[in-house]
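Right, one structure below, let's go through it.
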Amino acid sequence: MIDFVASGRVFDLVIAILVLEGIALFALSRLPRARARLLPEGRGLGFRDLAGFVAAGLGLSIAARAAIHGQSWTIVAAGLTIAFVAHVYDLYRRWRTAR
């Protein structure tokens, strides 16, 4: 298990799960019967809503994977920058929706 985490393969798994989660949530929000049963307001998350938190998770996972592999600091910084921008975008959309 330690080798699985230390090799960075755990972040490959996290990235795959994040992508599948985003696809599944987007597809679920488009199914009329699933919306009525699973979502009390009758609507799911739109693509823009999903993109914010999925991109933030992907950015952090990319940065962590690059750091574990000892890759260039620019790749780590790029992943963190992607995560930061996506997080700010997600907060902005949530704040705007709440008003």
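Since the structure is predicted, the reported quantities are computational estimates derived from the model, not experimental observations.
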Are [Y] and [X] co-members of a hydrophobic cluster defined by side-chain heavy atoms under 4.5 Å apart?
X	Y	value
Val54	Phe84	no
Val85	Leu91	no
Phe26	Ile23	yes

- So CD1 of Ile75 and CG of Leu80: to nearest 0.5 Å the spacing works out to 12.0 Å

Which pair of non-hydrogen atoms, one from [X] and one from [Y], has the smallest distance, and what is that distance?
X	Y	value
Ser7	Ile68	C-CG2, 4.3 Å
Ala86	Ala56	CB-N, 3.5 Å
Leu50	Gly22	CD1-O, 3.8 Å

- Message: As a test of understanding, state which of Ile15, Val14, Leu20 forms a side-chain contact (heavy atoms from CB on, under 4.5 Å) with Leu18.
- Response: Val14

- Between Phe53 and Leu25, is any pair of side-chain heavy atoms under 4.5 Å apart? yes

- Item | Non-hydrogen side-chain atoms of Leu13 and Arg9 separated by less than 4.5 Å | no

- Is there any side-chain hydrogen bond (donor to acceptor under 3.5 Å, both in side chains) pair reaching into residues 79-88, and which pairs are they, with sequence neighbours excluded? none

- Message: Could you go through Gln71 and Val76, starting from their C-alpha distance and side-chain angles, then the distance that decides it, and tell me whether this counts as side chain to side chain contact (heavy atoms under 4.5 Å, CB included)?
- Response: CA-CA 8 Å; Gln71 293 178 337; Val76 176; 5.9 Å; no

